[in-house]
Participant: 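Okay, handing you the structure first.
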Number of protein chains: 2
Amino acid sequence: MVSEKTVERLSLYRRILQQLRVEGKETIMSHELANLLHIKPAQVRRDIMQLGYSGIPNSGYKIRPLLESIANFLDSPLPQSAVLVGVGHLGLALLANFAGRWRQLAIRAAFDKDPSKVGQTFHGCRCYPMYDLQKVIAETKSVVGILAIPGENAQSICDTLVQSGISGILNFSPLRIKVSENVFVEHVDLSATFEKVSFFARRMKHYAEEEKWKMENETTDDEYETIITKQ
Amino acid sequence: MVSEKTVERLSLYRRILQQLRVEGKETIMSHELANLLHIKPAQVRRDIMQLGYSGIPNSGYKIRPLLESIANFLDSPLPQSAVLVGVGHLGLALLANFAGRWRQLAIRAAFDKDPSKVGQTFHGCRCYPMYDLQKVIAETKSVVGILAIPGENAQSICDTLVQSGISGILNFSPLRIKVSENVFVEHVDLSATFEKVSFFARRMKHYAEEEKWKMENETTDDEYETIITKQ
DNA sequence: GTATAATTGTGAATTCTTGAACAAATTATA
DNA sequence: TATAATTTGTTCAAGAATTCACAATTATAC
């Protein structure tokens with residue numbers, strides 16, 4: 001019904017709106033939000049439409065109720081828990097960001113196969129041994145699992161997560177895991193992303209240089225056409 | 001000409017193919033790659049087509065030359081450098097992954113406003129003060145900038161990066177930065193991603209429970225129709 | 001009040017991406 | 001050597017996401 005992209009944007013709208021609210025702003029118009037995110041106003045209106053919330057023509061949206069609508073739509077009524085598998089560098093960074101309660105959502109437990117990490121607390125989050133996965137997920141009633149591990153065991157760990165009741169997985173491992181159709185997976189592949197940026201950076205540079213060349217050898221299409229037809 | 005999605009997938013193909021090659025495999029067929037990534041074979045063939053490389057009907061693709069084609073397409077002929085701004089938890093994790101040479105691509109310098117970090121070396125990468133940005137980018141001929149900072153100064157730092165010659169930005173900050181059209185930006189918003197996964201996890205769970213309910217109250221559409229028409 | 005200007009909500013058009021399908025090509029096999 | 005079987009390259013259709021464009025609606029100015 002609602003698309004992934006819409007959900008992502010709603011999350012962005014919320015962050016911006018919260019900031020604007022503390023700055024004292026009370027209403028906002030679609031093109032303002034659009035400008036902040038560099039998207040088109042129609043997109044903003046469409047997304048907000050899906051919330052069921054209505055703006056006021058010639059006046060915009062009231063921020064406070066709009067925020068309520070977004071929260072209503074995005075957030076679980078009850079606080080929602082996540083578990084992290086893999087307390088490496090990336091895992092630690094994620095804990096630093098999401099271990100403390102963050103909205104209705106927080107990482108509640110971490111797991112690592114390294115015995116020296118088990119038992120420790122990182123950013124307020126306890127690290128358990130891998131064989132406690134099922135138990136701790138049940139205890140914390142977690143629904144989200146975050147994989148911050150190398151690819152090797154990703155699939156089997158993922159299977160354990162799903163068996164334990166996890167229905168959403170945020171996968172930072174390079175392996176594309178397979179899940180049954182009633183589990184949601186988001187792949188975040190930092191290596192691939194890095195490569196992509198590098199690829200397009202190079203292209204942009206080439207493009208810019210071509211443009212520069214064109215500018216310097218100022219020959220408009222019109223002039224060019226003239227040259228051709230004159231022959 | 002070539003889409004972002006295609007570039008991303010080519011990067012994934014490469015990683016898989018490299019692995020398969022060390023395992024001794026010499027050829028691969030589109031459906032094999034497709035199965036590993038859970039996409040359709042036609043997509044794989046399409047992507048490979050764009051490389052200009054041709055497979056062999058009834059036999060597949062030869063892995064070694066295919067890998068060469070991908071490298072030819074994705075990689076810069078010269079090693080390409082990136083700089084990282086923000087040596088917080090996330091920045092450190094990125095350095096741990098990408099500071100050493102990684103393919104033709106590496107993070108060559110880091111920057112932080114915290115004086116206690118400046119001068120230190122993290123995962124083999126030196127940390128410079130912010131005001132050295134322009135100089136170090138020029139020296140390292142970097143084309144990619146990675147922003148791993150909070151949103152506040154993201155725009156002004158981004159502007160500096162672009163002025164210094166950066167043409168690709170990987171932005172982990174929550175702010176959607178604005179750049180001229182000849183600069184490529186990729187936003188990776190971990191908070192929004194986390195929220196998205198949480199949202200769909202909840203939905204999947206609901207969906208699964210509905211399905212379960214349907215199963216338990218076993219009434220097929222046919223039976224239902226029968227009941228109706230019998231009345 | 002009335003007219004004007006501006007903004008929303010949304011159907012239609014457009015663009016981008018994916019999938020299905022099949023001819024052409026190639027290997028394997030009888 | 002001919003036949004069958006299989007996989008590629010590619011066209012065309014389908015699907016998804018975005019953008020346009022405009023009627024409906026509301027605030028504001030006069």
Side-chain angles (χ1 to χ4, degrees), chain A residues 1-13 17 20 25-66 69-70 73 176 181 184-187 192 196 200 203, chain B residues 1-13 17 20 25-67 69-70 73 176 181 184-187 192 196 200:
Chain A
M1 181 64 202
V2 62
S3 79
E4 286 188 40
K5 308 243 179 184
T6 295
V7 171
E8 275 175 19
R9 281 189 300 263
L10 286 171
S11 176
L12 303 184
Y13 300 157
L17 291 171
L20 292 176
K25 200 165 165 59
E26 294 194 341
T27 68
I28 192 161
M29 292 183 296
S30 60
H31 70 263
E32 297 181 87
L33 265 178
N35 287 342
L36 287 169
L37 292 171
H38 314 116
I39 59 180
K40 295 284 181 287
Q43 184 77 75
V44 174
R45 295 202 292 275
R46 267 204 138 62
D47 290 336
I48 291 178
M49 215 177 52
Q50 302 215 35
L51 298 173
Y53 181 72
S54 275
I56 301 156
N58 199 24
S59 163
Y61 302 89
K62 293 192 174 175
I63 291 183
R64 192 183 300 260
L66 176 53
S69 293
I70 296 178
F73 185 83
R176 297 280 153 151
E181 66 166 9
F184 179 85
V185 179
E186 174 78 9
H187 295 277
K196 182 173 90 168
F200 284 105
R203 278 198 136 212
Chain B
M1 181 61 204
V2 63
S3 79
E4 286 188 41
K5 307 241 180 185
T6 295
V7 172
E8 275 176 19
R9 281 188 299 262
L10 286 172
S11 175
L12 302 186
Y13 300 157
L17 291 171
L20 292 176
K25 201 165 165 59
E26 295 194 342
T27 68
I28 192 162
M29 293 184 295
S30 60
H31 71 263
E32 296 180 87
L33 265 177
N35 287 342
L36 287 168
L37 292 170
H38 313 116
I39 60 180
K40 295 286 180 285
Q43 184 75 73
V44 174
R45 295 201 292 274
R46 248 197 175 34
D47 291 334
I48 292 178
M49 215 177 53
Q50 303 215 33
L51 298 173
Y53 181 72
S54 274
I56 301 156
N58 199 24
S59 163
Y61 301 90
K62 292 192 175 175
I63 290 182
R64 191 183 300 260
L66 176 53
L67 273 169
S69 293
I70 296 178
F73 185 83
R176 298 279 154 152
E181 65 167 10
F184 179 85
V185 179
E186 174 78 9
H187 295 278
K196 182 173 90 169
F200 284 104

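Just so it is clear, the values below take in all heavy atoms, side chains as well, and ignore hydrogens, waters and symmetry mates. Order of the sequence lines fixes the chain letters, A, B, ..., with proteins taken first and strands second; residue numbering starts at 1 for each chain.
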Participant: Using whole Å, report how far CG of L66(A) lies from C1' of dT8(C).
Facilitator: 13 Å
Participant: For E26(A), look at atom CD and say whether over 12 heavy atoms of other residues, nucleotides or ligands are found less than 6.0 Å away.
Facilitator: no
Participant: Using whole Å, what does the distance between atom P of nucleotide dT8(C) and atom CD of Q43(A) come to?
Facilitator: 14 Å
Participant: Is it the case that atom NZ in K5(A) sees more than 12 heavy atoms from other parts of the structure closer than 6.0 Å?
Facilitator: no
Participant: Rounding to a whole Å, what distance do you find between L51(A):CG and dT8(C):C1'?
Facilitator: 15 Å
Participant: So which nucleotide does dA5(D) pair with, by the Watson-Crick or G-U wobble rule with both distances under 3.5 Å?
Facilitator: dT26(C)
Participant: Write down the distance between CD1 (I56(A)) and P (dA6(C)), rounded to a whole number of angstrom.
Facilitator: 18 Å
Participant: Hey, which of these two, K40(A) or S30(B), hits DNA chain D nearer its 5' end, going by closest nucleotide?
Facilitator: S30(B)
Participant: Please enumerate all residues that pass side chain to side chain donor-acceptor pair (under 3.5 Å) together with R45(A), with sequence neighbours excluded.
Facilitator: S30(A)
Participant: Roughly how many Å is it from CG in N58(B) to P in dT29(C), rounded to a whole number?
Facilitator: 10 Å
Participant: Once you measure the plane-to-plane angle for F184(B) and F200(A), does it fall in the parallel (<30°), tilted (30-60°) or perpendicular (>60°) bin?
Facilitator: parallel
Participant: Nearest whole Å is fine: how far is dA25(C) C1' from M29(B) CE?
Facilitator: 16 Å
Participant: Return the 5'-most residue of the pair T6(A), M49(B) with respect to DNA chain D, ranking by each residue's nearest nucleotide.
Facilitator: M49(B)
Participant: Are OP1 or OP2 of dA6(C) and a side-chain N or O of S59(A) less than 4.0 angstrom apart?
Facilitator: no
Participant: Within this structure, what is the CG-to-P distance between L33(A) and dT7(C), rounded to whole angstrom?
Facilitator: 14 Å
Participant: 5' to 3' on DNA chain D, which nucleotides open and close the contacts with chain A (atom under 4.0 Å from a heavy atom)?
Facilitator: dA17(D) to dA27(D)
Participant: Please tell me if the side chains of Q50(A) and T6(A) come closer than 4.5 Å, counting only heavy atoms from C-beta onward.
Facilitator: yes
Participant: Given dG9(C), is OP1 or OP2 found less than 4.0 Å from the side-chain N or O atoms of Y53(A)?
Facilitator: no
Participant: Between the base of dG19(C) and the side chain of R45(B), is there a donor-acceptor distance below 3.5 Å?
Facilitator: no
Participant: Does the Q43(A) side chain pair with the main chain of K40(A), one donor and one acceptor, at a distance under 3.5 Å?
Facilitator: no
Participant: Atom CD1 in I56(A), atom OH in Y61(A): separation rounded to 0.5 Å?
Facilitator: 10.5 Å
Participant: Could you state the atom-to-atom distance from NZ of K62(A) to P of dT8(C) in whole Å?
Facilitator: 14 Å
